[in-house]
Amino acid sequence: IGAERTPMYRYFVEILKACIQDEVNYFESIRFYHQSVDEPQHRPGALEECVEIVNKTTVILQDIANDLQSGVLADSEGNTLAGFDGLDDDLQLAIVDSIVNMPQVVTTYYDASEDLQGLVSAYCPKISFYETDRERRLYEKNAETTSGEQWFYTCLNPQYPYPSNHVDDFLHGFRIMSWMKKEYDVYGYLNWMCNMQFGMDGGGSSFTDNMVIVDPYENPLRYHDGYNGANGDGYMFYPMAKYKADKPIPSMRLISARDGQEDYDTLCALEEMYVKLAGEYGYESDQVIN
């Protein structure tokens, strides 16, 4: 939705209605992805634009929280949101904190711009920028400094030997990335354009130029020049009409992504069990985990 005040207010009011009705802080699970400045290191002036957008979004998030606490937050029809002050005090504070400190995900790497360092709360570089110890330390330190998170993503590249979501990975990519997330304390993985059912002929200056219709059942490529190794990129599920199905048809890679998430959940459960046992036997948890 970009850093625009009106759409953000509209969407957030609807989410807040659900929070009030269910007495649940849904905002703690929401992350703000700045797609409008995707990979800003590649376009002249985009890094400066990214700084401006992140700062603007931060102000709008604070304004929404202020209006919410003041009882003047209204929906697109001008109706004032009701019921928030009836929630438990701790839940109110948690919702406000989740809005104000919502991680803003930016798809670039730490060294792209000094102006972004300490400003971006969730760097989301391509997974190839998590390759060295130095890079991983930078993202970890930045997450600590900004009370943010570590993320990484894949798209048309990188390709082999890095894990990704292409057909040519033979379903290994998602499993490996889940193990990496646990090892490096990476909170989120961004799968670029997983619902994109069109292609690009590569002739334009951006991914919005020269779009063409692509039948994913006939052509595994969305880019038609320069990325011939990125088979299946983005096609995590397939249109249902061809086979008269009642819902989108999952790809084997989507199933592999589910398996990778289950691996991650299992590793977390195993860690929790070791920590519990460590306490029972008088060990420090870091002695057991490390």
For the hydrophobic clusters of this structure (ILVMFWY residues joined by side-chain heavy atoms under 4.5 Å, transitively), does one cluster hold both Ile20 and Ile15? yes

Looking only at heavy atoms, what is the nearest atom pair of Asn165 and Thr154, with distance? ND2-OG1, 3.8 Å

Parallel, tilted or perpendicular, judged at 30° and 60°: which one describes the rings of Tyr238 and Tyr217? tilted

Verify the neighbour count for atom CD of Glu280: are there more than 12 heavy atoms of other residues, nucleotides or ligands below 6.0 Å? yes

Evaluate the side-chain proximity of Val120 to Thr108: yes if any heavy-atom separation is below 4.5 Å, no if none is. no

Between the main-chain N or O of Gly118 and the side-chain N or O of Thr146, is there a donor-acceptor pair closer than 3.5 Å? no

Could you pull out all donor-acceptor pairs under 3.5 Å where a side-chain atom in residues 95-104 meets a protein atom, sequence neighbours excluded?
from   : atom 1 : to     : atom 2 : distance (Å)
Asp97  : OD1    : Asn101 : ND2    : 2.7
Ser98  : OG     : Asn25  : ND2    : 2.9
Ser98  : OG     : Ala94  : O      : 3.0
Asn101 : ND2    : Asp97  : O      : 3.3
Gln104 : OE1    : His34  : NE2    : 2.7
Gln104 : NE2    : Thr58  : OG1    : 2.9

Applied to residues 40-67, the ring-ring contact (aromatic ring centres under 6.0 Å, His included) test, sequence neighbours excluded, yields none

Less than 4.5 Å apart, any side-chain heavy atom of Arg134 and any of Asp111? yes

Taking it one step at a time, do Met177 and Phe152 satisfy side chain to side chain contact (heavy atoms under 4.5 Å, CB included)? CA-CA 9 Å; Met177 283 190 282; Phe152 55 52; 4.2 Å; yes

Closest approach of Asp246 and Met240, non-hydrogen atoms and distance? C-SD, 3.7 Å

Atom CE in Met236, atom CD1 in Ile255: separation rounded to 0.5 Å? 9.5 Å

Would you say Tyr130 and Arg136 make side-chain contact, with heavy atoms under 4.5 Å? yes

State plainly whether one hydrophobic cluster holds both Tyr9 and Val72, where clusters connect Ile, Leu, Val, Met, Phe, Trp and Tyr through side-chain heavy atoms under 4.5 angstrom apart. no

Looking at Asp75 and Val13, would you say the former's side chain and the latter's main chain have a donor-acceptor pair under 3.5 Å? no

Min side-chain heavy-atom separation Met252-Leu171 under 4.5 Å: yes

Please round to the nearest 0.5 Å and tell me the distance separating atom CD1 of Ile64 and atom CE of Met8. 4.5 Å

Do Phe27 and Phe12 have ring centres separated by under 6.0 Å? yes

Would you say CD of Glu52 has more than 12 non-hydrogen atoms from neighbouring residues, nucleotides or ligands within 6.0 angstrom? no

Test salt bridge (charged side-chain N to carboxylate O under 4.0 Å, His left out) applied to Arg31 - qualifying residues, sequence neighbours left out: Glu149

Hey, what do you get for CG (Asn157) to OG (Ser128), rounding to the nearest 0.5 Å? 7.5 Å

Looking at Glu23, I'd like to know if its CD atom is crowded, meaning that more than 12 non-hydrogen atoms belonging to other residues, nucleotides or ligands lie closer than 6.0 Å. no

Residues in salt bridge (charged side-chain N to carboxylate O under 4.0 Å, His left out) with Lys181, at least two apart? none

To the nearest 0.5 Å, what is the distance between CG on Asp38 and OH on Tyr33? 4.0 Å

All side chain to side chain donor-acceptor pair (under 3.5 Å) counterparts of Glu140, not counting sequence neighbours: none

Should we count CD of Glu114 as having more than 12 external heavy atoms under 6.0 Å? no

Is there a continuous path of hydrophobic side-chain contacts, each under 4.5 Å between heavy atoms, that joins Tyr11 to Val24? yes

Quick check for you: to the nearest 0.5 Å, what is the distance between Asn66 atom CG and Leu61 atom CG? 11.0 Å

Can you name the nearest heavy-atom pair linking Leu47 to Ala112, along with the distance? CD1-O, 3.6 Å

Please test Asp263 against Arg175 for side chain to side chain contact (heavy atoms under 4.5 Å, CB included), starting from the C-alpha separation and ending with a verdict. CA-CA 7 Å; Asp263 288 348; Arg175 304 294 291 273; 2.5 Å; yes

Residues two or more places apart in sequence or in another chain: which of them pass side chain to side chain donor-acceptor pair (under 3.5 Å) with Lys17? Glu14

Stepwise, does the side chain to side chain contact (heavy atoms under 4.5 Å, CB included) test hold for Ser251 with Leu254? CA-CA 5 Å; Ser251 69; Leu254 184 61; 3.7 Å; yes

Would a hydrophobic clustering, with Ile, Leu, Val, Met, Phe, Trp and Tyr connected at side-chain separations under 4.5 Å, put Val59 with Val54? no

Check: Tyr162 and Glu131 side chains under 4.5 Å, non-hydrogen atoms: yes

Any heavy-atom pair between the side chains of Gln150 and Tyr123 that's under 4.5 Å? no

Donor-acceptor pair, Tyr139 side chain versus Tyr110 backbone, under 3.5 Å? yes

Rounded to the nearest 0.5 Å, what separation is found between the OG1 atom of Thr57 and the CZ atom of Phe32? 4.5 Å

Lys242 atom NZ, over 12 foreign heavy atoms within 6.0 Å: yes

Validation row: Leu116, Val51 side chains within 4.5 angstrom (heavy atoms): yes

Side-chain heavy atoms under 4.5 angstrom apart, residues restricted to Ile, Leu, Val, Met, Phe, Trp, Tyr: same cluster for Phe84 and Leu93? no

Judged by atom type as modelled, is there a donor-acceptor pair below 3.5 Å linking the side chain of His172 to the main-chain atoms of Ser164? no

Indicate yes or no: at least one non-hydrogen side-chain atom of Leu270 is less than 4.5 angstrom from one of Met273. yes

Main chain of Ser113, side chain of Gln41: is a donor-acceptor contact present, judged purely on distance under 3.5 Å? no

Taking Asn191 for the side chain and Tyr153 for the main chain, is one N or O donor matched with an acceptor at less than 3.5 Å? no

Look at the aromatic rings of Tyr189 and Phe174 and report parallel, tilted or perpendicular, splitting at 30° and 60°. perpendicular

Working note: Ile60 + Lys56, criterion side chain to side chain contact (heavy atoms under 4.5 Å, CB included); need CA distance, chi angles, decisive distance, verdict. CA-CA 6 Å; Ile60 296 175; Lys56 183 178 180 181; 4.1 Å; yes

Shortest non-hydrogen contact from Leu190 to Cys124? CB-SG, 3.8 Å

Over all atoms of both residues, closest heavy-atom pair of His166 and Leu156: CE1-O, 3.3 Å

